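Chain identifiers are assigned alphabetically (A, B, ...) following the order of the sequence lines, protein sequences preceding nucleic acid strands; residue numbering begins at 1 within each chain. Remember, it's a predicted structure, so these values are computed and weren't measured experimentally.
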2 protein chains.
Amino acid sequence: MDTPSLSTLGQHLQSLRKAQGWSLSQLAAAAGIAKSNLSRLEQGNGNPTLDTIWRLAVQLKVPFGTLVAPIAVPLGEDGVEVRLIDQGKESPQVDAYWMRCAPFTTRVAEPHTPGARGSLTLISGHLEAGPEGDTRRLAAGDTLTFAADRAHCYRTSDDWATLLVSVVYHGESHR
Amino acid sequence: MDTPSLSTLGQHLQSLRKAQGWSLSQLAAAAGIAKSNLSRLEQGNGNPTLDTIWRLAVQLKVPFGTLVAPIAVPLGEDGVEVRLIDQGKESPQVDAYWMRCAPFTTRVAEPHTPGARGSLTLISGHLEAGPEGDTRRLAAGDTLTFAADRAHCYRTSDDWATLLVSVVYHGESHR
DNA sequence: ATAGAACGTTCGTTAAAAGGAACAACGAGA
DNA sequence: TCTCGTTGTTCCTTTTAACGAACGTTCTAT
């Protein structure tokens with residue numbers, strides 16, 4: 001496994017810069033780094049320092065993580081990538097996930113503990129989701145709540161899908 | 001302006017490592033970096049390379065940005081912290097936010113573009129939220145959808161609140 | 001045309017990040 | 001007690017990222 005696709009960083013860096021109307025020289029000056037440095041980075045060579053990345057992120061006004069790990073992150077084997085965003089500690093417990101599914105993939109999730117409910121918001125793309133046998137087709141912006149204590153699935157057809165999922169575990173303690 | 005508090009990175013790095021039961025030597029070996037390197041980083045000195053950060057993030061299983069900008073990020077002046085999780089690029093456009101409010105704070109959000117709708121899931125704590133004059137009290141796990149093209153607010157009383165918010169901009173292009 | 005200013009690239013030098021070995025400190029077992 | 005293994009730190013060395021200047025280009029204005 002290698003670094004987060006150095007070339008990807010370069011491309012992303014460049015597209016962000018151009019999108020904001022900066023020239024390479026300008027951005028380098030504003031960020032306080034040598035333009036030779038920035039040039040090399042955009043070409044996909046090089047392995048920038050935290051300090052360098054940070055300065056660029058500030059000037060480009062991106063949340064930092066966005067700069068280095070563009071949306072196109074490594075997917076899991078099954079074409080689905082899941083990231084835990086946050087976890088509530090109180091009762092009822094709530095887990096929040098960010099999720100991305102490649103086209104033509106199906107992900108079947110095991111039932112959670114009894115009483116658990118899921119809530120889903122589609123950020124982009126199209127998705128068919130819900131308890132098995134009772135799925136719904138969703139478009140960007142749609143939300144869906146469903147019983148998470150039964151097997152449920154996420155299925156894409158010819159489009160990607162990015163979504164937010166939160167699971168609420170009713171009942172005292174489920175772990 | 002200086003780098004993202006190198007010392008903060010160090011502390012966070014160390015707490016993450018210990019939380020997962022790694023020893024410094026183990027983690028360094030697993031990540032494929034010299035332990036002298038990791039040691040120096042945890043002490044707050046040094047300015048790690050993207051490659052180094054990446055390898056550590058992978059082993060610690062954190063979304064990378066989390067490593068350098070820890071969860072307990074500085075709250076805004078108003079006691080509210082907001083993080084952009086993701087942005088859809090298609091139509092309708094959808095923005096996804098993670099948000100955390102300190103006790104006894106009120107955040108009033110400007111109306112978004114006409115037709116915009118908001119969707120909210122409370123991850124932990126208690127919160128009163130919604131369009132002004134039509135707010136609802138929410139507990140962990142509750143969800144709420146509301147018209148986002150009117151001024152709306154988020155208010156906590158004696159408890160913290162962590163939530164997921166997504167905004168759907170209906171209409172062709174709103175920017 | 002022609003001087004000027006900006007663009008982005010390539011080069012050699014320098015500063016510093018990463019590597020590697022030696023180190024003292026601590027705990028577990030024989 | 002004494003050894004062995006592991007902890008995390010501190011050196012010194014090697015590698016390399018960042019710098020700064022020079023370069024060829026392109027475009028504009030005189």
Pair up each side-chain donor or acceptor in residues 131-150 of chain B with any protein partner under 3.5 Å, not counting sequence neighbours, and list the distances.
{"unit_1": "B/Thr135", "atom_1": "OG1", "unit_2": "B/Glu128", "atom_2": "OE2", "d": "2.8"}
{"unit_1": "B/Asp142", "atom_1": "OD2", "unit_2": "B/Ala139", "atom_2": "N", "d": "2.8"}
{"unit_1": "B/Asp149", "atom_1": "OD2", "unit_2": "B/Gly115", "atom_2": "N", "d": "3.0"}

Practice problem: Could you list all the salt bridge (Lys or Arg N to Asp or Glu O under 4.0 Å) pairs where at least one residue sits in residues 12-23 of chain B, not counting sequence neighbours? | Solution: B/Arg17-B/Glu42
Length of the [atom1]-[atom2] vector between [X] and [N], whole Å:
X	N	atom1	atom2	result
A/Glu42	C/dC7	CD	P	13 Å
A/Leu27	C/dA6	CG	P	17 Å
A/Leu38	D/dA17	CG	C1'	14 Å
B/Leu24	C/dA25	CG	P	18 Å
A/Asn45	C/dG8	CG	P	17 Å

Quiz item: Is A/Asn47 reaching over with its side chain to a backbone N or O of B/Asp51, donor-acceptor style, under 3.5 angstrom?
Solution: yes
Quiz item: Ignoring hydrogens and geometry, is there a side-chain-to-backbone donor-acceptor pair from B/Arg55 to B/Gly32 under 3.5 Å?
Solution: yes
Practice problem: Indicate, with a heavy-atom threshold strictly under 4.0 Å, whether B/Gln14 touches base, sugar-phosphate, or nothing. | Solution: nothing
[N] phosphate, OP1 or OP2: any side-chain N/O from [X] under 4.0 angstrom?
X	N	result
B/Ser25	D/dT6	no
A/Arg17	C/dC7	no
B/Ser23	D/dT7	yes

Quiz item: How close do A/Cys101 and A/Thr156 get, heavy atom to heavy atom, and via which atoms?
Solution: CB-CG2, 3.7 Å
Quiz item: Going 5' to 3' along nucleotides 10-20 of chain C, which nucleotides have protein heavy atoms under 4.0 Å from the base (write B), which only from the sugar-phosphate (write S), and which from neither (write -)?
Solution: B------SBBB
Quiz item: Does a side-chain heavy-atom distance below 4.5 Å link B/Asn37 with B/Thr52?
Solution: yes
